[in-house]
Amino acid sequence: MIAEVIVDITSSTTDKIFDYSIPDGLDVKVGHRVVVMFGSKKVDGFVINIKETSNYDLDKIKDIVSVKEAQPLLTQNMLRLCFFMKKNFYLRAIDVIKLCLPPIVISGKVKAKYIEYVLPNFQSIPVLSQKAKEQIRLLLFLQERGEVKKEIILKEFSSSTLKNVLQKGFAIIKSVQEDRKPKSTFTVKKKEIVLNKQQQEAVDKITKSKYATYLLHGVTGSGKTEVYINCIKNALKQGKTAIMLVPEISLTPQMFARFRNAFGDTVAILHSNLSQGERFDEWNRIKNKQAKIAIGARSCIFAPIEDLGIIIIDEEHDSSYFSQSNPRFHTHEVAKYLAYLNNCPLVLGSATPSVESYYLASTGEYRLLTLTDRANQKQMPNIEIVDMMLEPMKGNINIFSYRLIAELESCLAQNNQAMIFINRRGYSSFIMCNNCAYVPKCQDCDVSLVYHKEDDMLKCHYCDKRYKKMTVCPKCGSSSIRYGAVGTQRVVDELKKIFDVPIFRLDNDTTRNKNSYAEVLEQFNNTSPSILVGTQMIAKGHDFNNVTLVGIVDADVSLHFSDYRAIERTFQLITQVAGRAGRSDSEGKVVLQTYFPRHYAYRYASTYDYKAFFKREINLREVTKFPPFVHLLRVLVISENFEKAEIVLKNIYDEINFLQQTYSSDFVYLHAMKCPKKRIQKNFRYQIMMRINKKNQATIIPKIYEICDKCKQNKVSIFVEDDPQNLS
Ligand code: ADP
Ligand code: ZN
Ligand code: ZN
């Protein structure tokens with residue numbers, strides 16, 4: 001028999017399938033990882049098909065050397081996904097396989113953890129001389145206790161006693177695999193919940209459904225998670241399994257606890273905060289069907305699960321569902337295909353669906369389900385917009401408005417908690433010489449350096465390079481230095497000057513190590529009154545009962561990005577953050593500080609009018625010809641050598657321009673230019689932006705890939721980004 005094998009050679013761009021013959025006596029199945037000879041080297045490969053014979057010269061076909069694991073690593077679903085992604089995202093098969101298998105599984109460095117137990121051997125009747133007192137004592141101990149962990153025995157008895165008893169066959173050793181289960185320190189109270197009418201309707205429709213995509217639109221706190229839980233319960237009842245995806249940052253300890261409460265050990269969690277061992281075990285628990293529900297971030301869509309009854313993507317609008325670096329793919333598209341393969345429903349849930357998804361729901365391609373009210377019957381918190389332009393006229397030059405200070409005072413006086421949101425970490429976004437306006441920038445990147453007060457350093461947020469703080473301007477010698485827009489550290493500093501309550505901070509700098517994220521959240525949860533300051537990390541998923549006030553220090557941070565999604569993102573972020581207030585019995589309140597108080601993103605966010613926002617935004621996209629009405633494509637050309645990059649850019653542009661002549665009516669826009677961030681980590685960055693009519697995209701996009709392939713040159717990287725989420 002012949003096996004078709006995808007070989008794992010990272011250095012090469014080879015994406016071919018090779019035939020190897022299966023030697024007699026070797027049990028090779030589809031999905032197995034095998035060792036094969038490739039040239040003169042032994043490499044790993046994956047068996048994707050087994051056939052009778054080969055088109056190649058049978059004499060020249062080499063044998064498979066060995067099989068690496070007893071069970072195949074790749075599941076049926078993974079193999080089919082592999083071909084789907086190869087075709088739709090232009091990826092190499094081996095790269096897709098590596099998405100499916102966590103590095104820890106591939107490396108084979110982590111092994112299952114075994115615990116040894118000692119138990120009496122009832123088959124043999126102990127014959128011992130009275131002198132062997134210790135051995136007799138051990139046997140009596142075992143007879144009384146049954147099986148005992150070896151480590152406990154060794155505390156009570158010497159190792160030679162145990163050895164003797166084992167050698168004589170009076171006792172035996174049993175090894176049991178123990179799972180390193182991720183511990184959740186968080187506990188949430190179990191609540192008996194009766195679904196309301198809209199929730200029940202959603203659950204019923206989804207449960208009955210075969211393959212279809214549902215968009216579950218429900219305000220924050222409307223009980224979407226309860227809908228997911230009930231749909232999953234129904235899927236399990238039918239003997240099926242489930243995948244639920246959440247953005248990495250909203251995979252909070254509370255979320256863990258909630259699903260553990262509902263499903264116990266049948267749920268496995270794949271999270272980047274797990275230790276290697278924990279991740280290995282959680283993955284294996286899914287693979288060997290001990291766990292029937294896989295919850296995790298984007299890559300959990302590749303969990304080794306079969307027989308899916310439902311796939312859920314929570315916070316479906318989140319940009320983390322698009323992988324930005326290679327291999328690039330869109331999680332929604334992968335999920336749709338997987339749902340199709342399993343003939344099961346896909347549920348996209350959000351309080352602020354992406355404009356694309358809501359558009360598809362409006363055209364009938366998705367089925368819309370709506371939850372209109374908060375489950376606790378409380379109103380959404382009132383959002384008060386404060387015009388920061390007017391504060392100086394009132395004599396306030398602080399970073400907090402008078403309104404926000406007043407609200408903070410009353411919130412804390414009532415022993416409640418507040419969350420202060422600022423989507424910028426560090427102390428200030430840049431520092432500047434007051435005399436000559438010099439701004440220190442990173443040597444390797446085209447960005448200004450961010451001041452971090454804690455380590456009194458300037459840091460580049462693109463490459464992490466650190467620099468000494470500027471105390472004297474290197475250009476003009478002035479020592480009058482001004483701080484730019486505020487970040488989380490500065491907000492904490494300023495709050496400390498005003499309020500005498502515990503203040504916690506949550507951002508990328510405070511959560512570098514594995515457990516600090518959960519620790520900060522737990523401390524905050526247990527401390528009232530208190531304030532939590534954070535970046536978008538605090539915007540999602542958290543459910544703190546005592547939070548009655550949310551302050552948004554600078555809502556405009558994301559409003560002016562040069563990205564057609566900037567306004568949508570701002571609207572989404574504000575709605576999400578606002579949703580953190582007033583989740584239990586007490587009423588919530590939001591103070592939003594901005595220099596653009598009349599912007600429609602704020603107007604519709606403050607009235608929680610998603611539909612009005614959508615209408616406005618979708619009209620704009622239609623008129624200006626942006627997605628979802630056209631397809632946006634960017635070719636990125638990157639090199640340390642800008643001359644080389646410019647040559648490659650020109651070659652690609654010329655070819656695409658030529659293509660445009662054939663398909664002139666399909667190109668809405670075509671332009672080559674420098675990227676907004678002209679240089680990152682020493683690399684010069686250029687781009688070709690294209691907007692293409694959807695009608696002919698299936699013909700045009702493959703041609704773009706072909707062109708880029710043809711124009712490849714040494715030391716220049718080319719990336720085709722299909723609907724890029726980040727246009728920096
Ligand atoms: P979402 O996921 O939409 O933000 P959740 O499912 O987290 O909403 O629900 C918000 C809160 O309301 C949770 O504490 C949840 O336990 C509670 N809840 C949800 N549905 C109901 C219901 N039908 N009756 C009572 N409480 C509910
Ligand atoms: Zn200066
Ligand atoms: Zn840098």
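Order of appearance sets the numbers: ligands from 1, and atoms from 1 within every ligand.
Taking the Zn ion (ligand 3) as the corner point, the angle from C463 atom SG to C442 atom SG is about 110° (rounded to 10 degrees). Rounded to 10°, the angle formed at the Zn ion (ligand 2) by C436 SG and C473 SG is 110°.
The ring-ring contact (aromatic ring centres under 6.0 Å, His included) test with Y451 singles out one residue from F430, Y483, Y467, and that residue is Y483. When the options K677, K678, R679 are evaluated for a side chain to side chain contact (heavy atoms under 4.5 Å, CB included) with R685, the one that passes is K677.
Residue G218 places every heavy atom at 4.0 Å or more from ligand 1. Contact between R374 and ligand 1 is absent, with no heavy atom of the residue lying under 4.0 Å from the ligand.
For the pair R328 and F322, the NZ or CZ position fails the cation-pi test of under 6.0 Å to the six-membered ring centre and within 45 degrees of the ring normal.
Taking CZ of F684 as the start and CG of N641 as the end, the distance is 8.5 Å to the nearest 0.5 Å.
Residue G223 approaches ligand 1 through these ligand atoms, each under 4.0 Å from one of its heavy atoms: 1 (P), 3 (O), 5 (P), 6 (O), 8 (O), 9 (O), 19 (C). Atoms of ligand 1 lying under 4.0 Å from any heavy atom of V194, numbered from 1 in the order shown and given with element: 22 (C), 23 (N), 24 (N). Shown in contact with N196 at under 4.0 Å from a heavy atom are these atoms of ligand 1, numbered in order with element: 23 (N). Listed by number with element, the atoms of ligand 1 under 4.0 Å from a non-hydrogen atom of L195 are 23 (N). Every atom of ligand 1 with a heavy atom of I193 under 4.0 Å away is listed here by number and element: 16 (O), 18 (N), 21 (C), 22 (C), 23 (N), 24 (N), 27 (C).
Although no hydrogens or angles enter the test, the distance criterion places no donor-acceptor pair under 3.5 Å between the side chain of K674 and the main chain of Y686.
The residues R466 and D455 are annotated as salt-bridged, a charged nitrogen and a carboxylate oxygen being separated by less than 4.0 angstrom.
For the Zn ion (ligand 3), the N/O/S atoms of H461 include none lying under 2.8 Å.
Between S357 and E316, the side chains place a donor N or O and an acceptor N or O closer than 3.5 Å (distance only, hydrogens not considered).
The aromatic rings of F614 and Y610 sit parallel, their planes meeting at an angle under 30°, below the 60° perpendicular limit.
When the heavy atoms of A351, A375, G221 are ranked by distance to atom 21 (C) of ligand 1, first place goes to A375.
Contacts of R258 with ligand 1, taken as heavy-atom pairs under 4.0 Å, involve the side chain alone.
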